[in-house]
Chemist: 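Handing you a structure now.
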Amino acid sequence: MNSLTPSTHLLLVLATPLIGAVVAWVLGARGRHAVRQSAVVTAGLTLVSTGWLIVRYLQSPEAAAGEPYAVTTLPWLVSGIFDVRFSIGLDGLSLWLFGLSALLSLTAVLVSWEAIKERPIGFYVLLLVLEAAMLGVFVARDVILFYVFFEFTLVPLFFLIGIWGHDDRRRAAVKFFLYTLAGSVLAFLGLLVIVLWHASHVGNVTFDIDTLTAGMAAHPLPMNAEGGWLQLIVFWALFAGFAIKVPIVPFHTWLPLAHVEAPTGGSVDLAGVLLKIGIYGFLRFSLPMLPDASAVAAPWLFGLGVVGILYGALVALVQSDLKRLIAYSSVSHMGYCVLGIFALERVSLEGANLQLINHGLSSAGLFALVGMIYERFHTRSIVNLGGIATKAPWLTVLFMVFTFSSIGLPGLNGFVGEFMILAGSFQRAWTGVAPAFQSPFLVMSVSAVLGVVLGAWYMLWAVERVFFGTSRQPPHGPPVEACDLRWYETLSLLPLVVFVFWIGIAPATFLHPAAAAVRNASSAAAEAFADRMQAAQATIQTIAPTVNRVVVHPHASTPINVFPQPLPSQSSANP
Amino acid sequence: MNLGTLITGSLNDTLAVSLPLFRPELCLATTIVLLLLCRIVPLLRRLDSGIVALGGVCFALWFAWIDFRDLPGSLWLSSSAVQTISSRQEIFTGLLVFDSLTAYLRLLLAGFLVLYILFTKVSGIPDHEDGADFYTLVLGAAIGMCLMVSANHLLMLFMAVEMASVPSYALAGLLKGRKTSSEAAIKYAVYGAGSAGVMLYGISLLAGVLGTCHFPSMAAELARIAGAGGDGSMVLVLGGLMVAVGLAFKLSAVPFHFWCPDVFEGAAAEVGAFLSVASKAAAVALLLRVAFSLGVPPEGDGSMQVAQAQVLVALADTRHFMVYLIGLMAAVTCTLGNLAAYGQTNMKRLLAYSTIAHAGYLMMAVAAAVAMVGVAPAGARAAISAVVFYLGTYVFMNLGAFAIVALLRNKLRSEEISSYAGLVHSSPGIVVATAVVLVSLIGLPPLAGFVAKFLVFASLVEAIAVSAERPLMLVLLVVGGINTVVSLFYYLRVLKVMTFDPPPLDRVGESFSLVSLPGAVVTALVVPVVVLGLFWSSLYACAQLAGAFAF
């Protein structure tokens with residue numbers, strides 16, 4: 001084992017899908033079967049190798065010390081004043097998303113086993129390139145490298161949707177591409193401003209993310225009228241990129257269209273991994289590099305998260321297309337992640353980080369199963385489906401598992417994440433904000449809980465209509481008789497089920513390695529938020545001492561004194 | 001001083017000092033004469049005028065390179081060589097000035113001309129009959145552009161602008177049988193004449209108040225007026241605005257851009273390439289020249305340093321005025337160019353608006369440079385370097401784009417974007433080349449356009465940190481950022497049509513392979529876009545040398 005250093009191991013993991021893509025291309029002449037076999041072998045090898053690397057990481061001293069692991073830094077575009085490096089490495093923030101990418105790539109390849117009949121070479125090559133790009137996004141430690149990988153996730157998916165998608169695929173592909181690219185260019189410009197600001201204070205231009213994070217703490221971007229609110233401007237620029245990717249609600253319109261039109265394999269990768277890059281971006285860049293602006297924006301994004309939860313759930317409730325329903329449930333569930341991040345509480349941040357994995361597993365599973373249903377019945381319309389349980393009991397069982405995971409049944413993974421996020425948001429509302437802001441925060445938190453109820457409603461209602469009740473024959477194509485899961489379909493979903501139960505039963509395994517990294521990423525923003533709340537409270541009490549007369553401080557049994565007085569420490573939630 | 005010494009002095013100035021630094025222009029002028037002579041001699045009439053022009057331009061390129069190589073501080077100057085050229089040399093009794101900016105841009109223009117003539121030989125416009133006219137006009141305009149970048153006198157500025165413009169009017173009407181082409185030429189000429197008149201009026205106002213047309217003397221006089229309490233500043237502002245009109249016309253800056261889309265659409269793509277690259281580069285250089293000649297005292301010997309610093313301070317108001325004028329025009333130009341490009345269906349028209357938008361980005365960096373010159377000279381130098389680096393990459397990006405349009409026109413008989421539908425099936429190579437050029441024009445890594453835009457934004461951030469015009473610089477940065485995003489949509493729409501839309505059933509012409517003569521031209525223009533994105537330090541070193549011109 002010593003012969004394979006961690007750095008080489010990580011490089012190998014990144015290279016495997018690319019090599020596999022070349023192999024699949026070469027084997028293309030020997031027909032579809034050879035291509036898909038080689039793709040499965042590649043994705044499987046990558047997954048095994050990734051799993052092994054994660055195990056090694058967990059045992060390594062770097063993991064205990066919270067340092068990046070398996071770091072490789074090579075000069076890349078080093079010329080003149082530029083210092084762009086090919087710098088990759090794993091840390092607590094990226095660890096599980098990295099693993100998730102490898103896991104879901106195998107799923108994506110397997111669910112396309114029979115579905116892709118036309119131009120299989122291109123399809124599998126693009127899928128493997130997409131895998132390499134997804135893995136690369138999470139291990140990039142250099143801004144330019146991150147951006148290049150980020151863009152490179154778009155290109156394969158653009159073609160996957162545009163060529164192998166359903167009827168409206170062109171519009172969906174272009175809309176997806178333009179939305180995401182437009183946002184990401186704004187985010188990139190924001191990152192460039194960070195780089196340049198850092199350079200103007202330190203003297204040399206560096207793109208190293210860790211150096212920049214430390215540099216932003218030492219020389220924060222100006223956050224006042226004198227400095228032109230530059231930090232806030234940069235924050236919103238980054239927000240544009242990440243919010244479109246998540247997607248946060250007003251920017252979500254590309255998502256249902258892209259999902260509905262994408263081939264199943266593309267949907268699995270899109271919902272499972274690509275949406276997570278947005279939240280990952282907030283944790284990697286926005287919170288640690290722009291803590292003051294994050295604190296200013298946090299209440300608004302907290303609210304947007306809740307709006308997303310409710311809006312996604314309500315729209316999902318009225319959908320007649322099963323895939324579209326799950327796409328809107330993605331919007332709703334990513335709302336939880338936004339809520340968890342911008343509650344800026346430790347427990348909710350860790351919960352949001354875990355929820356990324358949970359949603360990756362459940363939504364990927366659900367999209368895969370919808371794809372399988374579509375292959376059998378040639379429709380995704382809920383009214384045209386019914387009674388699948390009698391024909392495909394195991395498919396039904398798996399769908400139920402992922403449904404329960406998605407709606408947060410205790411014992412499964414979804415429960416842990418949602419519970420932690422909601423607990424954190426209530427903690428923020430009770431103890432973490434100035435008393436004057438307590439009621440709006442409480443209203444928002446309660447509304448977020450309502451989202452859980454709505455989630456159970458639309459998912460279970462859909463399950464009831466699709467899997468139970470009278471059996472219907474598909475409107476098109478031959479009648480379907482026995483049609484339960486085939487071996488490759490089972491194989492694609494079983495690993496996901498394992499993790500659904502594993503995370504649900506023993507979440508500490510997954511929470512612990514990421515905890516320190518999440519805390520480091522968010523501590524500055526959480527402190528800035530606490531400071532703002534103290535300042536706001538002080539201002540309110542000076543201007544209008546009567547405002548708080550009726551508000552009960554959570555820890556005090558008496559109403560807050562009408563006389564201005566220093567606020568008791570409100571940051572107790574973040575010791 | 002009697003007449004004899006005057007004549008001797010003048011002869012000496014012309015023959016010993018000025019003419020050796022004027023060799024590239026002399027080469028171009030000689031080539032024009034040769035081209036016209038070839039017309040007269042029956043034996044030489046069969047000689048291809050493109051070859052003659054190419055030969056002359058190569059000589060010009062060689063001399064421009066020698067001048068650039070021998071600049072002080074140049075990387076290529078061997079240590080043993082005798083330093084022959086000082087960093088700033090007024091020639092022709094102060095009408096022109098030779099410095100690193102002149103040398104860099106003359107090199108750039110000559111290099112562009114070489115590529116351009118090669119490209120026109122392949123694209124087939126002009127044909128043999130029109131060749132002599134065409135190349136005469138192109139080289140004539142190029143001389144005007146060389147004069148623009150080295151102008152040191154208001155009258156020279158006017159002469160140079162006219163010398164560059166008048167052949168361009170004729171070029172716009174080159175496609176003689178076509179109605180749109182004639183219309184474009186008329187429109188261009190009328191707009192040009194109008195703006196030239198306004199500029200001339202502005203020049204006379206400035207000359208009247210300041211009593212001189214020589215830029216450094218004007219700067220000194222401006223400083224004296226500012227010190228004396230700003231007498232006649234209203235007239236000066238008016239004159240400055242009127243001169244700005246003439247420059248904005250050459251830059252196709254809003255609101256003097258109306259000619260640009262019509263001319264580009266009406267004229268041949270070859271002419272569009274010339275106007276959008278060479279004319280733009282010269283106009284931007286002229287803007288730099290005027291702004292820095294009037295805003296900064298020329299460098300003198302050591303004894304003058306105190307006085308110079310005083311003049312620099314006294315000129316702060318002039319610079320402030322110019323920063324706001326250039327900056328606001330840049331913001332509006334950039335935004336309007338990008339927004340208007342979105343709705344275009346004709347590729348040349350789209351590129352015209354893209355050219356307008358890029359003028360906006362360039363002017364942003366010029367504004368940043370002027371804003372920083374009083375407080376952070378190093379930052380100002382970096383900003384000028386960003387501008388001229390941008391121009392260097394722009395040669396390849398935009399010439400590449402127009403070359404693709406022209407060569408596809410030869411295959412498809414159309415310049416409409418919709419006629420490019422589904423080209424990826426028959427000609428994947430040209431689609432990849434288009435993608436490289438357009439993505440570079442957007443400014444995404446790792447292409448040359450990214451580095452150029454990065455440097456421009458870097459100078460804006462630097463200006464936010466140090467300059468007095470912080471709010472304006474912040475606005476420019478935000479406007480530039482948003483515009484970059486807006487520009488995605490129309491550039492990528494072209495690629496979308498090329499890759500996704502089904503090819504039209506009635507498509508004429510065969511497929512376009514990169515392994516052909518036209519393909520080689522496209523490749524030769526596109527490969528530098530990629531290479532300059534990865535290895536750009538030598539071009540940047542040249543740009544830095546040019547950036548040190550003013551102070």
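Each chain gets a letter, A, B and so on, in the order its sequence line appears, and its residues count up from 1.
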Chemist: Please list every donor-acceptor pair under 3.5 Å in which a side-chain atom of residues 134-144 of chain A meets a protein atom from a residue at least two apart or in another chain.
Modeler:
unit_1, atom_1, unit_2, atom_2, d
R141(A), NH2, D210(A), OD2, 2.1
D142(A), OD1, I144(A), N, 3.0
D142(A), OD1, L145(A), N, 3.3
D142(A), OD2, R85(A), N, 3.1

Chemist: If you count heavy-atom pairs under 4.5 Å with chain A, which of R493(B), K496(B), R470(B) comes out on top?
Modeler: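 Highest number of heavy-atom pairs under 4.5 Å: R470(B).
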Chemist: Could you give all pairs that pass the ring-ring contact (aromatic ring centres under 6.0 Å, His included) test and reach residues 215-237 of chain A, with sequence neighbours left out?
Modeler: H201(A)-H219(A), W236(A)-F239(A)
Chemist: For D501(B), does its backbone N or O pair with a side-chain atom of R170(A) as donor and acceptor, under 3.5 Å?
Modeler: no
Chemist: Of all the heavy-atom pairs spanning L492(B) and F177(A), show the shortest one and how long it is.
Modeler: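 Closest pair (atom of L492(B), atom of F177(A), distance): CD1-CE2, 3.8 Å.
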Chemist: Taking CZ in F152(A) as the centre, count heavy atoms belonging to other residues, nucleotides or ligands within less than 6.0 Å. Is the count above 12?
Modeler: no
Chemist: Is I233(A) in contact with chain B via its backbone, its side chain, both, or neither, using a 4.5 Å heavy-atom distance?
Modeler: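 Side chain only.
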Chemist: How about residues 183-190 of chain A versus chain B: which residues have heavy atoms under 4.5 Å apart?
Modeler: V185(A), L186(A), F188(A), L189(A)
Chemist: Is any residue of residues 117-127 of chain A within less than 4.5 Å of chain B by heavy atoms, and which ones?
Modeler: none
Chemist: Is there a side-chain contact between F450(B) and L192(A), using heavy atoms and a 4.5 Å cut-off?
Modeler: yes
Chemist: Taking all atoms of both residues into account, what is the closest heavy-atom pair of L444(B) and Y147(A), and its distance?
Modeler: CD2-OH, 3.2 Å
Chemist: Once rounded to the nearest 0.5 Å, what's the spacing between atom CG of L230(A) and atom CG of L477(B)?
Modeler: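 Answer rounded to 0.5 Å: 7.0 Å.
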Chemist: Relative to chain B, which segment of L181(A) carries a heavy atom at a distance below 4.5 Å: side chain, backbone, both, or neither?
Modeler: both
Chemist: Please verify the inter-ring angle class for F159(A) with F500(B); under 30° counts as parallel, over 60° as perpendicular, anything in between as tilted.
Modeler: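 Rings of F159(A) and F500(B): perpendicular, as their planes differ by over 60°.
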